[in-house]
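So the structure is just underneath, and the comments pick up after that.
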Amino acid sequence: MNKQKEVRKIPLDVTGRIFDIQFFCVHDGPGIRTTVFLKGCPLRCLWCHNPEGISSQVHLSYSENKCIGCGACTAVCNVHAIVEGKHVVDHSRCSLRGLCLEVCPAGALSFVGRDVTVREVINDVLSDRKYYGPSGGGMTLSGGEPLMQPEFTLALAMAAKEEGINVAIETSGYAPFKVFESLIKHVDLFLFDIKETDPELHKVFTNVSMDLPMENLRKLYQTGASILLRCPIIPGLNDRDDHFEGIADLTKEMPNLLGVELLPYHRLAASKSTRMGLSVQEEYEPPKPGQKEEWYRLLKSHGAKVYDN
Amino acid sequence: MEDRIYKIKRQVEAMMDAGVRRTTFYPLIAESLKETEGQPKQIRRARAMEYLLDNVELEVFPHELLGGSILGMWPVEPVHREYSDLLIQAEQFVEEYINPPEEAQEPVHFYGRGRNAETSVYGAAPMGKSRFALMARDHYDANVDYLTLQKLIKETQSKYEDDDRIEGYEIARVLENRFQFDYGEDVMKRVLGLPWMAANHLNLNYGRAINTGYAAVLEQIKNLLEESKDDPEKQEFYTACKIVIEAAIRYMKRYAKAYLGAAKTEEDPVRSEELREIAEIIDKVSTEKPETFREAIQLVWLTHLIANTGLGSALSFAKFDQYMYPFYRRDIELGRITFDEARDLVCMLYLKCNEPKMRTVQSMALGGLDAKGESTANEFTKVCLAAARVTRLPYPNISLQVSPTKSPEWVMDEAMETIKLGFGMPQLYNADAWMKVFLDLGHSPENACNYYNMGCVETLIADGSAGWLIVPNGFISYSQLLDEILDEYRAGKVRIESFDELIELMLERIRIAVGQRKVSADYRFMHTRGYDAFGSVWIDGCLEKGKDMFQGGAAIPGHIPLTGSGLANTADSLATIKTLVFDSGRYCLDQLIDIVRADYEGQEPLRRYIKESIPHYGNDIEWVDDLAAQMFNTFTYAVNDLNDGTLQEKYVNSFFSYTQATSLGEVTGATLDGRKKGQPISDGLGPVQGHDTHGPTHLLNSLLKLDYKYLNGALATNLKVTASLFSTKGGVAALKSLLMTYLERGGPQIQINFVKPEELIEAKKNPYAYRNLVVRIAGFCEYFIYLDDKMQDEIISRTAYSTA
């Protein structure tokens, strides 16, 4: 009887804005997972690897490699033009009517971001249910910053839990703590990003202060939640010894953390930015082969607890 | 010791690169046949093999501990022709093909490709038009080196690019047929006139060979000869058996002498002692039953080698870890061998299988269940997989039979350790599912559990089966069936008013097409014209019945495969018709037919729209997957219905296409899934190349919607993943549970491919830098650099899933 009531309480019709659902994700928490990418993020990391998730707005994306230059879009909308055989997109004029999407035969045009209900997302997540149990996998909410859509995120987590699906949330930690509080009993694992441990550099790299995320991390830790620290490492920015030491200190301070996972920088983001007409990101040197192992060694030498996956 | 394995591996690669080889097989066989003119065919066949075994050259190579090689029969032929001369000759061949001179005769080849006669059955795949030698290994009797041939084909094709008189694939076919050694018309006519048949597409019971020994089997044959005095047919068969077994013993004794001779002239005392030891072992096992593991593996190899001297294709070691295990266990218990020593001997066996001119596709099946359904994987299974991890070669083509309910955990762990090295092995068989389909097919539990991948993925019962019995037009092309329906629609012979009507027509046509392949009770299978006494001795049933395996001697019914091809292309084509004609009404059916018949000329936007925007099979989209499932299920049920007791043999379902995804694609016109003419067709049950965009879990979800109840012949499920998946323990664990989930849900077979596309592109440009790159193709693996250009592109184009 109780269970019945619970079901009714889960607001399956709540909508949220996502930009992708990816299946068979194996690096966003344990096992085989389906990752839902929620749109919108309060941070502006210099190296952002999901630039399509930054803005809360829906926007147009154009893939040059799919375009066949047929010009069908230019006939329906003046955002598009073929100039000297080259397709030019004026993103600033786009009013998201979607006419160009309908006429494009090549699938070169799409909207990044769509509004979906919890029910729709959970149905997609359930399609891979048979792989979750045996692998210890489940659903991961990522972004963007999932906690920017607290109601939707909570409803997704509750609905997944109701189906017995493991829930992980990847977060920058930048949200009011009450959002964390509401989620604790519906989330199995927090993938907590630590972008930088030097307060001044944190502000430079991410455009926000590290006070709130750090405070949230400590509070969340106190509740006994399962937390894994995830640290993007960008050569030339935060691959510094003092940063590795800072990370190690966190694991010493909070010994029950699951550990630290390093996320080496990759360059895929740059092409994504171009497609959406976003300002072009600065590119950093991708790590050399063996670099990741070297970083892990450094981290361990400072006494950090490393998450071995 | 591993050092020795690598030395042998380099030696085997040097053998492959040594140049073209002209065989002494045909002249020797022809000489014998000249002598035996007038005698019964069966006896002439046996005498010819005897003559071959008595006279063939014997090669002894450095480093090896297992003795015996096929290469004595295939000496390297020095080639003096300049490339520019070859190119001129290539053009002459093409011109002769376009304008055949009066009275021109095609040279007589052992492995000629006959052309299909016009056929009146539905859905006949255009096999006769296609070419065959898409890999060096399939290019028999070639008198130019394979890479040179590829260059010749490419240059000649570009010369005739704008010539309407000939298609590119025809040029390739002409050149691969014509750049072959000419052994002389007299010789070839004699050999083919016999006709020469060798046991192939099956296994010989090597387990019985090592538990009986040649002297004992000879004794048995002599007794049978004595007992059957009043039966002339049996007398003839047993006489043939006696001739070949005596010849085999003499051949082995001759080899023992060759090693002894080598020992005498060897300067290094250590190696000399080794050679002496090889000689002693061969001498012993030439007659006696092996006692030790090493003796047993030597006799397995020699028996395999002798069978290989008869030419022919696929020949399997079948359940090697089962029949070798008692020898291994005994030696381990007695302290006569270690795990590593056994592994090295197994490595040497694998290396031998990769020597040039060994049979095309030699396979091995490990693990599995017994008749009671209990796991039979053992310590020696581990040895066999460990050896594969060392050699990493195309042969043997190893399958591991995993029972999701009964196999111990270590079986999958061993599989993952091997899979993660990226040479495509082992392929995984669902032990529960296959045992069940063979029980359902009417095999006894003892036979149903004793199945193996006969060559690539064709699955057969081991030790006593007449093999994989091909019938005319056994390849049924789904795209051909749809084309035929659309033709009839255009001719006003059928009406298609709704999508459901079209589907009904299609399913009905599948049933009819399958029914048309049923052969009559007195049908003579193509190979029943021949004899192979040596093969028959080692196929259960033949000695008891006193009949050659080709004359009905085999104890276990053979399997007749009917193969469905192009399932995904047709499911996606139907999705196109549904979406554009019956749902949106944007096109009428006639328009679409015109467009596809014109190869999408001037319709690139529509073609792209079909590829990008219409839902495709392989993405867990219910309605499209259902189209594929209906066509698959209708086919398999219809094939099963053919097993009505008229024949002893069993019809089985196959969705395996060897290299035909490429070769049939070349001769298949454009299809409504956005595929242009000449492009590869979809492989087996797999999606159209590049149409599976939702990742491996959704692909498997789609595949698991098919009803595998009657999938009892062959299939190859290719799962392509990126190498980065293997960079973490979590990634490997995730892949393992993905595979286990597929098997637990009843998926019959799966294999993993994860080479990096950029590496393949580099290997294409720079072949010798990637000498060792082995890739999984369909049900088998091959060196990437020994694949035809088109095949290489096809491998590169297949989807490799990335992982987030």
Side-chain angles (χ1 to χ4, degrees), chain A residues 20-37 49-50 63 66-73 101-110 123-137 140 142 170 261-264 266 268 289 292-293 296 307-309, chain B residues 404 412 580 584 586 600 602-614 619-622 625 674 692-702 704-705 719-722 724-747 801-804:
Chain A
D20 203 3
I21 296 181
Q22 279 184 15
F23 303 96
F24 195 64
C25 298
V26 299
H27 301 306
D28 294 335
I32 296 172
R33 310 192 73 85
T34 298
T35 304
V36 185
F37 294 88
H49 70 285
N50 279 337
S63 328
K66 284 189 176 179
C67 178
I68 54 172
C70 67
C73 51
L101 271 58
E102 279 170 34
V103 299
C104 176
L109 296 165
S110 58
N123 279 340
D124 270 354
V125 171
L126 286 177
S127 68
D128 272 2
R129 162 177 231 150
K130 53 178 157 302
Y131 306 102
Y132 301 148
S135 67
T140 299
S142 179
E170 186 181 21
E261 191 176 1
L262 299 181
L263 309 174
H266 62 76
L268 288 178
K292 185 170 118 182
E293 290 70 25
Y296 270 116
Y307 180 71
D308 190 14
N309 184 29
Chain B
M412 264 314 270
L580 295 181
S584 73
R586 272 173 65 181
Y600 296 98
Q603 293 287 340
E604 187 59 16
L606 173 66
R607 195 180 78 81
R608 292 299 291 262
Y609 179 82
I610 291 171
K611 289 193 82 72
E612 296 292 339
S613 301
I614 289 180
N619 296 294
D620 197 10
I621 298 166
E622 211 61 40
D625 290 348
D692 50 329
T693 51
H694 286 53
T697 52
H698 277 46
L699 171 62
L700 295 186
N701 287 346
S702 291
L704 286 170
K705 287 176 194 158
L719 192 70
K720 280 82 68 177
V721 294
T722 51
S724 70
L725 187 60
F726 293 88
S727 62
T728 61
K729 272 196 283 183
V732 176
L735 183 64
K736 180 182 161 193
S737 44
L738 181 78
L739 296 171
M740 278 313 281
T741 305
Y742 168 79
L743 296 174
E744 276 161 13
R745 300 275 162 159
Y801 297 116
S802 57
T803 55

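Each chain gets a letter, A, B and so on, in the order its sequence line appears, and its residues count up from 1.
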From [X] [atom1] over to [Y] [atom2], what is the distance, rounded to the nearest 0.5 angstrom?
X: A/R129; Y: B/N701; atom1: CZ; atom2: CG; result: 13.0 Å
X: B/T741; Y: A/Y132; atom1: OG1; atom2: OH; result: 11.5 Å
X: B/H694; Y: A/D128; atom1: NE2; atom2: CG; result: 10.5 Å

Which atom names give the shortest non-hydrogen contact between A/F24 and B/P696, and what distance separates them?
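Residues A/F24 and B/P696, closest heavy atoms: CD2-CG, 3.2 Å.
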How close do B/A734 and A/V26 get, counting heavy atoms only, and between which atoms?
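Reported closest heavy-atom pair: CB-CG1, 3.4 Å.
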Contact check, side chains of A/I68 and B/P605, non-hydrogen atoms, under 4.5 Å
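In contact.
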Given that the side chain runs from C-beta out, which part of B/L704 has a heavy atom under 4.5 Å from chain A: side chain, backbone, both or neither?
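The answer is the side chain of B/L704.
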Given heavy-atom pairs under 4.5 angstrom as the criterion, report whether the side chain, backbone, both or neither of B/R745 touches chain A.
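Contact with chain A is through the side chain of B/R745 alone.
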Winner by heavy-atom pair count (cut-off under 4.5 Å) against chain A, out of B/R607, B/E604, B/R608, B/E744:
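Most pairs with chain A among the choices: B/R608.
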Please list, chain by chain and in numerical order, all residues satisfying side-chain hydrogen bond (donor to acceptor under 3.5 Å, both in side chains) with B/S737, sequence neighbours excluded.
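Expected list: none.
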Determine whether A/S127 and B/H698 satisfy the following criterion, side-chain contact (heavy atoms from CB on, under 4.5 Å), listing intermediate values before the conclusion.
CA-CA 8 Å; A/S127 68; B/H698 277 46; 3.3 Å; yes
May I ask you to name which of A/G107, A/S135, A/A106 has the most heavy-atom pairs under 4.5 Å with chain B?
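Most pairs with chain B among the choices: A/A106.
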Might you work through the side-chain contact (heavy atoms from CB on, under 4.5 Å) test for A/F23 and B/D620, ending with a clear yes or no?
CA-CA 11 Å; A/F23 303 96; B/D620 197 10; over 6 Å; no
